[in-house]
Amino acid sequence: MYQLHYFPSNASAAPHMVLEELGLTYDLVLVDRAKNAQKSAHYLKINPNGRIPTLVDRGLVLFEAAAIVFHLVDQHPDAGLAPKIGTPERAKFYQWMTFLTNSLQEELMIWQYPDRLTGDDEAATEIVKRGAEKRAGAYLDVIDRHLKDNGPLFLGDTLSAADFYLVMLARWARPMTNPPRARTYVARLLDMVTALPSVRRAYAHEGVPDEIC
Ligand SMILES: N[C@@H](CCC(=O)N[C@@H](CS)C(=O)NCC(=O)O)C(=O)O
């Protein structure tokens with residue numbers, strides 16, 4: 001039995017959608033950010049970074065949203081949410097997942113919380129925020145071009161965990177001046193994936209309104 005430690009629309013959302021898509025039984029455990037529960041001594045024992053999510057899978061305790069997604073898809077290979085290991089398709093899956101989590105997600109974090117880098121220097125905060133937004137926008141453009149030529153999903157017609165990951169990040173990025181949906185092929189992917197019952201169920205459990213991203 002899996003236990004996903006989550007907060008609505010946080011980095012737990014992609015693992016949550018994947019758990020739903022795989023049809024697994026799991027418990028959701030709220031880490032109440034409103035009370036800073038992610039920094040409690042209790043939670044730090046399972047996630048020393050004090051960040052959300054964490055997955056507990058019997059004796060295994062796992063942090064980092066992407067690692068959790070990889071673990072889930074590997075445990076359920078027949079569901080096909082990742083191509084077979086050792087194939088060129090799997091390599092591309094790694095590429096896009098790494099790009100999403102390592103490049104786009106990190107830039108979005110800086111855009112959302114620039115003061116974590118700049119402290120109370122307001123002018124620097126503004127510069128960092130705008131810079132991060134520009135870089136995140138360029139990454140979204142790369143994704144849009146890829147989806148135009150190779151879509152409609154990251155792996156063509158085959159649904160993969162990378163598609164869920166983009167839905168999660170696109171929700172965070174909605175307030176951008178040039179939001180993800182402004183891009184034709186990103187919007188097409190978002191429409192397709194947010195229409196899936198698994199995605200609707202995951203966000204409904206989290207209390208997220210119908211308009212996901
Ligand atoms: N790279 C981590 C990032 C996790 C992360 O930053 N989570 C945010 C919520 S989206 C969080 O817990 N923030 C609380 C904090 O920084 O105190 C992952 O993907 O799991």
Side-chain angles (χ1 to χ4, degrees), residues 2-21 26-57 60-75 81-82 93-120 125 128-129 132-133 135-136 139-140 143 154 160-176 179-180 190 194 199 202-203 205-209 212-213:
Y2 299 100
Q3 223 183 36
L4 179 66
H5 295 252
Y6 87 108
F7 190 76
S9 196
N10 275 207
S12 39
H16 193 180
M17 289 181 255
V18 169
L19 281 164
E20 278 293 332
E21 181 65 26
Y26 60 93
D27 280 335
L28 278 181
V29 183
L30 180 71
V31 185
D32 195 350
R33 274 186 81 178
K35 296 184 181 147
N36 220 25
Q38 76 277 15
K39 304 292 188 224
S40 69
H42 176 68
Y43 187 71
L44 288 172
K45 280 191 190 142
I46 59 167
N47 189 326
N49 303 309
R51 312 279 282 269
I52 298 161
T54 307
L55 182 83
V56 180
D57 174 10
L60 175 70
V61 179
L62 208 53
F63 59 78
E64 286 296 326
I68 295 170
V69 165
F70 287 134
H71 176 60
L72 292 173
V73 298
D74 282 352
Q75 278 193 320
L81 288 187
F93 172 71
Y94 286 140
Q95 172 195 286
W96 287 117
M97 280 294 293
T98 307
F99 184 66
L100 288 167
T101 184
N102 199 51
S103 299
L104 182 56
Q105 181 173 344
E106 275 313 289
E107 216 60 68
L108 290 174
M109 293 299 283
I110 296 170
W111 166 68
Q112 281 183 308
Y113 306 107
D115 52 311
R116 289 184 179 171
L117 301 179
T118 55
D120 51 17
T125 300
V128 168
K129 188 173 176 66
E133 182 167 5
R135 284 164 60 91
Y139 293 147
L140 285 163
I143 292 172
F154 273 103
S160 75
D163 303 309
F164 296 99
Y165 216 95
L166 182 63
V167 167
M168 174 178 86
L169 299 183
R171 176 163 177 83
W172 301 354
R174 285 191 314 168
M176 281 172 68
L190 297 178
T194 56
V199 173
Y203 276 112
H205 290 164
E206 297 190 4
V208 169
I212 293 166
C213 53

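Start at 1 and go down the list; that is how both ligands and their atoms are numbered. Computed over heavy atoms, backbone and side chain alike; hydrogens, waters and symmetry mates excluded.
Closest to atom 20 (O) of ligand 1 by heavy atom, among A65, A66, A67, is A65. Remark: among candidates K39, R33, R51, the nearest residue to atom 5 (C) of ligand 1 is R51, based on non-hydrogen atoms. For the residues S12, A11, P53, the heavy atom positioned nearest atom 10 (S) of ligand 1 is part of A11.
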(request) In sequence, state the C-alpha distance, the side-chain angles, and the governing distance for Q75 and Y2, and then conclude on side-chain contact (heavy atoms from CB on, under 4.5 Å). (result) CA-CA 12 Å; Q75 278 193 320; Y2 299 100; 2.3 Å; yes
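Heavy-atom contacts from other residues, nucleotides or ligands closer than 6.0 Å to CG of D120 number 12 or fewer.
Atom 9 (C) of ligand 1 has as its closest protein heavy atom N10 OD1, 3.1 Å. Counting protein heavy atoms only, atom 7 (N) of ligand 1 is closest to I52 O, 2.9 Å. In this structure, atom 1 (N) of ligand 1 lies nearest to the protein heavy atom E64 OE1, 2.8 Å. For atom 19 (O) of ligand 1, the closest non-hydrogen atom on the protein side is Q105 NE2, 3.0 Å.
Each of the atoms 6 (O) of ligand 1 lies under 4.0 Å from some heavy atom of M109. Within the listing of ligand 1, atoms 15 (C), 16 (O) sit less than 4.0 angstrom from a heavy atom of R116.
Y43 and H5 have tilted rings, their planes meeting at an angle from 30° to 60° on a 0 to 90° scale.
One side chain, H71 or D57, offers a donor N or O that lies under 3.5 Å from an acceptor on the other. At a cut-off of 3.5 Å, with distance as the only test, a side-chain donor of Y26 or H16 sits close to an acceptor on the other residue.
L108 contributes atom CG, which lies 7.0 Å from atom CG of L140 (distance to the nearest 0.5 angstrom). Separation of atoms CD (Q95) and CG (L100) is listed at 10.0 Å; rounding is to 0.5 Å. Residue E20 holds its CD atom at 12.5 Å from OH of Y203, rounded to the nearest 0.5 Å.
Within the 4.0 Å heavy-atom criterion, the part of Q38 lying near ligand 1 is the side chain and not the backbone. With a heavy-atom cut-off of 4.0 Å, Q112 does not touch ligand 1 at all.
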